[in-house]
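Scroll down for the structure; my scribbles are underneath it.
Convention: sequence-line order gives letters A, B, ...; per-chain numbering from 1. We use all heavy atoms of the structure for the numbers below, so side chains are in, but hydrogens, waters and symmetry mates are not.
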Amino acid sequence: MPELPEIETIKTGLAPLVEGQMITRAIVRQRKLRWPIPSKLSKILSQQIIHKLGRRGKYLLFYCDRGCLLIHLGMSGVLTFVPQKTKLKKHDHVDICFADGSCLRLHDPRRFGCMLWTDDDPLQHKLLINLGVEPLSKKFNAKYLFMQTCKRNVSIKQLLMNNKIVVGIGNIYAAEILFKTKIHPATCANKLTLSHCNAIVRTTKVILKRAIKAGGTTFRDYRASDGKPGYFQQKLFVYGRQGEACKICDAKLQSIILGQRSTVFCPNCQDRL
DNA sequence: ACATTGACCTGGGAGC
DNA sequence: TGCTCCCAGGTCAATG
């Protein structure tokens, strides 16, 4: 389940491998992803050079000669850089083939991801234009978050996962951020003070940066592997640990459902306001 | 304008 | 063993 740190890690790892590559064709074996892959994708991409990789939220951007390829990995998407002759596995949906015999291969069992093309500025694309601020940018600050929380009647956990407000924070990091800031995930957003918002913002940046660093180390060798990053699992305090002991106070971690998503927290460390 | 719910999809685990 | 059921998750569209 790639969240922002994983996508950033993938971008960093992939950039030196694909930037400057000439695309010869694309092989699409399964078009039905979150949205259908354009039927003329191979024709569009043929003879284009990938100049630069980018990222916006959880979207990977491949800037080419005449437009941009947008890739979202959904829940289960994996990109690998392999020789074109590499044996196919189930759910290997797309190969973007390069002139040197290598290819970028998209594998996505659950098909929640997407691969789309735009001729124009990708940031103006329908799916990207309404995205919220980048959590590692200066726009994500206490004042901004407070402005958002003030007027909203949802749990702070749901707000953090709302990509119209801030992008890239999914179920894993939302839980971890709220644990670190000692805020109960069900706390109504409009109960938070500016000071709480400041703590959330600073913690978010620390945790995401640390995860990017960890992802970088576990991901270095992904060229040969299936590319699954480690989610710096040893460093998770609450996610996936319901019923286990809190690493800080030893209380039993609890799980609740917020916005149809399971949410783990420590009933002792995290106060509800 | 905001909040909520359903839909999409497969693999893996639990339970029988 | 094999079946069924349920869960995981991101995010958009439709509905309230």
Between [N] atom [atom2] and [X] atom [atom1], what is the distance in whole Å?
X        : N      : atom1 : atom2 : result
A:Met75  : B:dC9  : CE    : C1'   : 9 Å
A:His72  : C:dG9  : NE2   : C1'   : 11 Å
A:Arg261 : B:dG6  : CZ    : P     : 12 Å
A:Gln158 : B:dC2  : CD    : P     : 15 Å
A:Leu4   : C:dT11 : CG    : C1'   : 16 Å
A:Leu258 : C:dG10 : CG    : P     : 14 Å
A:His107 : B:dC9  : NE2   : C1'   : 13 Å
A:Leu33  : B:dC9  : CG    : P     : 10 Å

Within less than 4.0 Å of OP1 or OP2 of [N], is there a side-chain N or O belonging to [X]?
X        : N      : answer
A:Ser155 : B:dA3  : no
A:Ser262 : C:dA8  : yes
A:Asn171 : C:dG9  : yes
A:Tyr173 : C:dG10 : no

Heavy-atom nearest nucleotide on DNA chain C taken for A:Asn163 and for A:Gln242; more 5' hit belongs to A:Gln242
Ring-base stacking, A:Phe112 with B:dC8 (5.5 Å, 30° cut-offs): yes
I'd like to know whether CZ of A:Arg25 has more than 12 heavy-atom contacts from other residues, nucleotides or ligands below 6.0 angstrom.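 Count not over threshold, so no.
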Check the surroundings of atom CE in A:Met22: do more than 12 heavy atoms from other residues, nucleotides or ligands lie under 6.0 Å from it? yes
Below 3.5 Å between N/O atoms, which protein atoms pair up with nucleotides 10-12 of chain B? Just atom names and distances, please.
{"unit_1": "B:dT10", "atom_1": "OP1", "unit_2": "A:Arg111", "atom_2": "NH1", "d": "2.7"}
{"unit_1": "B:dT10", "atom_1": "O3'", "unit_2": "A:His91", "atom_2": "NE2", "d": "3.3"}
{"unit_1": "B:dT10", "atom_1": "O2", "unit_2": "A:Arg110", "atom_2": "NE", "d": "3.1"}
{"unit_1": "B:dG11", "atom_1": "OP1", "unit_2": "A:His91", "atom_2": "NE2", "d": "2.7"}

Can you tell me how far apart CD1 (A:Ile200) and CD1 (A:Ile207) are? Round to the nearest 0.5 Å. 11.0 Å
From A:Arg34 atom CZ to A:Leu116 atom CG, the distance as rounded to the nearest 0.5 Å: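 Result: 10.5 Å between the selected atoms.
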Between A:Gln84 and A:Asp95: side-chain donor-acceptor atoms closer than 3.5 Å: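 No pair is found: no donor N or O on one side chain lies under 3.5 Å from an acceptor on the other.
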So if I take residues 120-133 of chain A and measure heavy-atom distances to DNA chain B, which residues fall below 4.0 Å? none
For DNA chain B, the residues among residues 143-152 of chain A that have a non-hydrogen atom under 4.0 Å from it: A:Lys151, A:Arg152
Side-chain donor/acceptor of A:Ser46 to backbone N/O of A:Thr24, under 3.5 Å: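 The answer is yes, because a donor-acceptor pair under 3.5 Å joins these two groups.
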Side chain of A:Gln260, heavy atoms from C-beta onward: which of C:dG9, B:dG6, C:dG10 has the nearest atom to it?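 Per side-chain heavy atoms of A:Gln260, the pick is B:dG6.
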Here's one to test your reading of the geometry: is the NZ or CZ of A:Lys52 within 45 degrees of the ring axis of A:Tyr63 and under 6.0 Å from its centre?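 No cation-pi geometry.
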Between A:Asn171 and the options A:Glu3, A:Lys157, A:Glu176, the side chain to side chain donor-acceptor pair (under 3.5 Å) test singles out A:Lys157
A:Asp108 near the nucleic acid: base, sugar-phosphate alone, or nothing, with a heavy-atom cut-off under 4.0 Å?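 Contact class for A:Asp108: none.
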Using 30° and 60° as the class limits, which term best fits the ring planes of A:His72 and A:Tyr59: parallel, tilted or perpendicular? perpendicular
Atom of A:Arg66, atom of A:Ile44 and distance for their closest heavy-atom approach: NH2-O, 3.8 Å
Establish whether A:Leu160 and A:Phe146 are linked, either directly or via other cluster members, by ILVMFWY side-chain heavy-atom contacts under 4.5 Å. no
Result of checking A:Met115, A:Arg111, A:His107 against A:His93 for side chain to side chain contact (heavy atoms under 4.5 Å, CB included):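 The residue from A:Met115, A:Arg111, A:His107 that satisfies side chain to side chain contact (heavy atoms under 4.5 Å, CB included) with A:His93 turns out to be A:Arg111.
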